[in-house]
Amino acid sequence: MIELGINIDHVATIRQARRTYEPDPVWAAVEAHLGGADGITVHLREDRRHIQDEDVRHLRDLTQIKLNLEMAATDEMVDIACRLKPEMAMLVPEGREEVTTEGGLDIVANEARIKAAVKKLADAGIQSSVFIDAELAQVQAAAHVGARVCEIHSGPYAHAFHNRGRDARSPAVLAEIEKIRTAGKAIVDLGMRFNAGHALNYFNVQPIAALPGVRELHIGHAIISRAVFVGLREAVREMKRLMREAADAPHHYGS
């Protein structure tokens, strides 16, 4: 059954805008859990622009939901993950100038460094995920470095969807769906878990949720944005309903 991981970084973004103590990401994690989320994702960035080290510690200690720590493949972040022991650590590219993560991790060009990070995480009992573009070379490299999970970057699909009038059957959108489908099949064939995420929202999520073999979607900004108006529990419930509806009827999309 398809699962939903909620990225709660932007709860911390609101808090950090005032350098205060609220809203608390731990509260957000609990509300998301009560709404039906299967996991929580936070990105501990080098510049600590939103999530702070203390947030990750509190989430690890105070919540009863799967924690995915999104992070750069640096010695500092790997050491933090090994100390806090989230259920999963997802390695992503990171740049201080970017607003959010743009583009997948280039494992092909950085295989030795990423392989060392994956091994250290595995030795600490942490499952490793890699955030990659829908490219077969990157999928194969992910298997070579020992990743257990590949999260396919769905941003190009989401942008095509938005630019083509939200038409899931336009040629440009179908081409992006096919790229993700092909990458997903390769991931599964190589014995890894196929996840997807980035820029998914209430309008574009169903064609991705309908793909064969996809196990989990990671969604943040759209859910936190809707929660401003309807509350986090309801925002999570609605997203999960859309995902499960699509997963139960995959032939409705991309055909």
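Just the heavy atoms: all of them, side chains too, but no hydrogens, waters or symmetry mates, feed the values below.
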Check: Of all heavy-atom pairs between His50 and Thr13, which one has the smallest distance, and what is that distance?
Finding: CB-OG1, 3.5 Å
Margin query: Going by the rule ring-ring contact (aromatic ring centres under 6.0 Å, His included), which residues pair with His221 if we only count those two or more places apart in sequence or in a different chain?
Written below: His10
Notebook entry, point to check: What side chain to side chain donor-acceptor pair (under 3.5 Å) pairs are there with at least one residue in residues 127-143, not counting sequence neighbours?
Noted result: Asp106-Gln138
Next item on the list: Name all residues meeting the salt bridge (charged side-chain N to carboxylate O under 4.0 Å, His left out) criterion together with Arg244; count only those two or more places apart in sequence or in a different chain, and write none if there are none.
Entry: none
Check: Side-chain heavy atoms under 4.5 angstrom apart, residues restricted to Ile, Leu, Val, Met, Phe, Trp, Tyr: same cluster for Trp27 and Val236?
Finding: no
Next item on the list: Would you check if the side chain of Asn195 reaches a backbone N or O of Glu216 as a donor-acceptor pair within less than 3.5 Å?
Entry: yes
Item checked: Atom pair CZ/CZ of Arg166 and Phe203 - distance to nearest 0.5 Å -> 4.5 Å
Next item on the list: Determine the minimum heavy-atom distance between Ala235 and Val230, stating which atoms define it.
Entry: N-CG2, 3.9 Å
Check: Do Arg148 and Met192 touch side chain to side chain, with heavy atoms closer than 4.5 Å?
Finding: no
Distance-only donor-acceptor pairs under 3.5 Å for side chains of residues 115-123, two or more places apart:
unit_1, atom_1, unit_2, atom_2, d
Lys119, NZ, Asp123, OD2, 2.9
Lys120, NZ, Asp79, OD1, 2.6

Next item on the list: Could you grab the distance from atom CZ of Arg237 to atom CG of Leu34, nearest 0.5 Å is fine?
Entry: 8.0 Å
Margin query: Donor-acceptor pair, distance only, cut-off 3.5 Å: does the side chain of Asn201 make one with the backbone of Asn204?
Written below: yes
Notebook entry, point to check: How long is the gap from CD1 on Ile224 to CD1 on Ile14, to the nearest 0.5 Å?
Noted result: 7.5 Å
Item checked: side chain to side chain donor-acceptor pair (under 3.5 Å) partners of Glu31, counting only residues at least two apart -> Arg233
Checklist line | Audit row: Ile8, Leu59, side-chain contact (heavy atoms from CB on, under 4.5 Å) steps and yes/no | finding: CA-CA 11 Å; Ile8 58 172; Leu59 286 164; 4.2 Å; yes
Next item on the list: Check side chain to side chain donor-acceptor pair (under 3.5 Å) between Asp75 and all other residues, then give those that pass, not counting sequence neighbours.
Entry: none
Note to self: Run the salt bridge (charged side-chain N to carboxylate O under 4.0 Å, His left out) test against Arg215 and tell me which residues pass, sequence neighbours left out.
What the structure shows: none
Check: Taking a hydrophobic cluster as the set of Ile, Leu, Val, Met, Phe, Trp and Tyr residues connected by side-chain heavy atoms closer than 4.5 Å, whether directly or through intermediates, do Leu200 and Met243 fall within one such cluster?
Finding: yes
Next item on the list: Show the numbers, then the answer: is there a salt bridge (charged side-chain N to carboxylate O under 4.0 Å, His left out) between Glu87 and Arg60?
Entry: CA-CA 9 Å; Glu87 279 76 20; Arg60 176 71 293 167; 3.0 Å; yes
Margin query: Tell me every residue that passes salt bridge (charged side-chain N to carboxylate O under 4.0 Å, His left out) with Asp24, counting only those two or more places apart in sequence or in another chain.
Written below: none
Note to self: Are Ile180 and Leu211 packed together at the side-chain level, in the sense that at least one heavy-atom pair is separated by less than 4.5 angstrom?
What the structure shows: yes
Item checked: Ala172 backbone acceptor or donor facing Glu176 side chain under 3.5 Å -> no
Next item on the list: Measure across Ala142 and Val130 and return the closest heavy-atom pair with its distance rounded to 0.1 Å.
Entry: CB-CG2, 3.7 Å
Item checked: Minimum side-chain heavy-atom gap Leu44-Met71 below 4.5 Å -> no
Next item on the list: Please step through side-chain contact (heavy atoms from CB on, under 4.5 Å) for the pair Leu4 and Met239, ending with a clear verdict.
Entry: CA-CA 8 Å; Leu4 172 60; Met239 182 62 77; 4.0 Å; yes
Notebook entry, point to check: Counting only N and O atoms by type, is there a donor-acceptor contact under 3.5 Å from the side chain of Asp55 to the main-chain atoms of Gln52?
Noted result: yes
Checklist line | side chain to side chain contact (heavy atoms under 4.5 Å, CB included) involving Asn7 - partner list, sequence neighbours excluded | finding: Asp9, Thr41, Glu70
Next item on the list: Considering non-hydrogen atoms only, spot the tightest contact between Glu111 and Ala141 and give its length.
Entry: OE1-CB, 4.3 Å
Check: How far does NE2 of His43 sit from CG of Asn68, to the nearest 0.5 angstrom?
Finding: 10.5 Å
Notebook entry, point to check: Applying the 4.5 Å side-chain criterion to the ILVMFWY set and letting contacts propagate, would Val30 and Val56 be lumped into a single cluster?
Noted result: no
Item checked: Trace of the salt bridge (charged side-chain N to carboxylate O under 4.0 Å, His left out) decision for Arg226 with Glu234 -> CA-CA 9 Å; Arg226 183 159 294 197; Glu234 180 57 30; over 6 Å; no
Next item on the list: Please examine the side chains of Phe194 and Pro212, heavy atoms only from C-beta on, and report whether any two atoms are closer than 4.5 Å.
Entry: no
Next item on the list: Quick one: do Glu245 and Lys240 satisfy salt bridge (charged side-chain N to carboxylate O under 4.0 Å, His left out)? Show the steps, please.
Entry: CA-CA 8 Å; Glu245 179 184 273; Lys240 197 159 185 181; over 6 Å; no
Item checked: Over all atoms of both residues, closest heavy-atom pair of Leu174 and Ala168 -> CD2-O, 3.5 Å
Item checked: Sequence-distant partners of Lys185, salt bridge (charged side-chain N to carboxylate O under 4.0 Å, His left out), two or more places apart -> Asp189
Margin query: We want to know whether Glu151 and His153 form a side-chain donor-acceptor pair, criterion being a heavy-atom distance below 3.5 angstrom.
Written below: no
Note to self: Donor-acceptor check, side chain of Thr74 to backbone of Met77, threshold 3.5 angstrom: yes or no?
What the structure shows: yes
Notebook entry, point to check: Does Val149 belong to the same Ile/Leu/Val/Met/Phe/Trp/Tyr cluster as Leu67, with side-chain heavy atoms less than 4.5 Å apart forming each link?
Noted result: no
Check: What is the distance from atom OH of Tyr202 to atom CD1 of Ile219, rounded to the nearest 0.5 Å?
Finding: 8.0 Å
Next item on the list: Go through Asp47 and Arg45 one step at a time and tell me if the salt bridge (charged side-chain N to carboxylate O under 4.0 Å, His left out) criterion holds.
Entry: CA-CA 5 Å; Asp47 61 10; Arg45 282 181 168 268; 5.4 Å; no
Next item on the list: Give the C-alpha distance, both sets of side-chain angles, the deciding distance and a yes or no for side-chain contact (heavy atoms from CB on, under 4.5 Å) between His218 and Phe131.
Entry: CA-CA 11 Å; His218 287 166; Phe131 180 73; over 6 Å; no
Check: Are the side chains of Arg169 and Val173 in touch, meaning some heavy atoms are under 4.5 Å apart?
Finding: no
Next item on the list: Decide whether Ile132 and Val108 are clustered together by the hydrophobic rule: side chain heavy atoms of Ile, Leu, Val, Met, Phe, Trp, Tyr closer than 4.5 Å, transitively.
Entry: no
Notebook entry, point to check: Which heavy-atom pair separates Ala209 from Ala246 by the least distance, and what is that distance?
Noted result: CB-CB, 4.0 Å
Item checked: Test side chain to side chain donor-acceptor pair (under 3.5 Å) applied to Thr182 - qualifying residues, sequence neighbours left out -> Glu178
Check: So, does Arg193 use its side chain to make a donor-acceptor pair with the main chain of Cys150 at under 3.5 Å?
Finding: no
Note to self: Please enumerate all residues that pass side chain to side chain donor-acceptor pair (under 3.5 Å) together with Asn163, with sequence neighbours excluded.
What the structure shows: none
Notebook entry, point to check: Arg164 side chain to Phe161 main-chain N or O, any donor-acceptor pair under 3.5 Å?
Noted result: no
Check: Once you round to the nearest 0.5 Å, how far does CG of Leu91 lie from CG of Leu105?
Finding: 6.5 Å
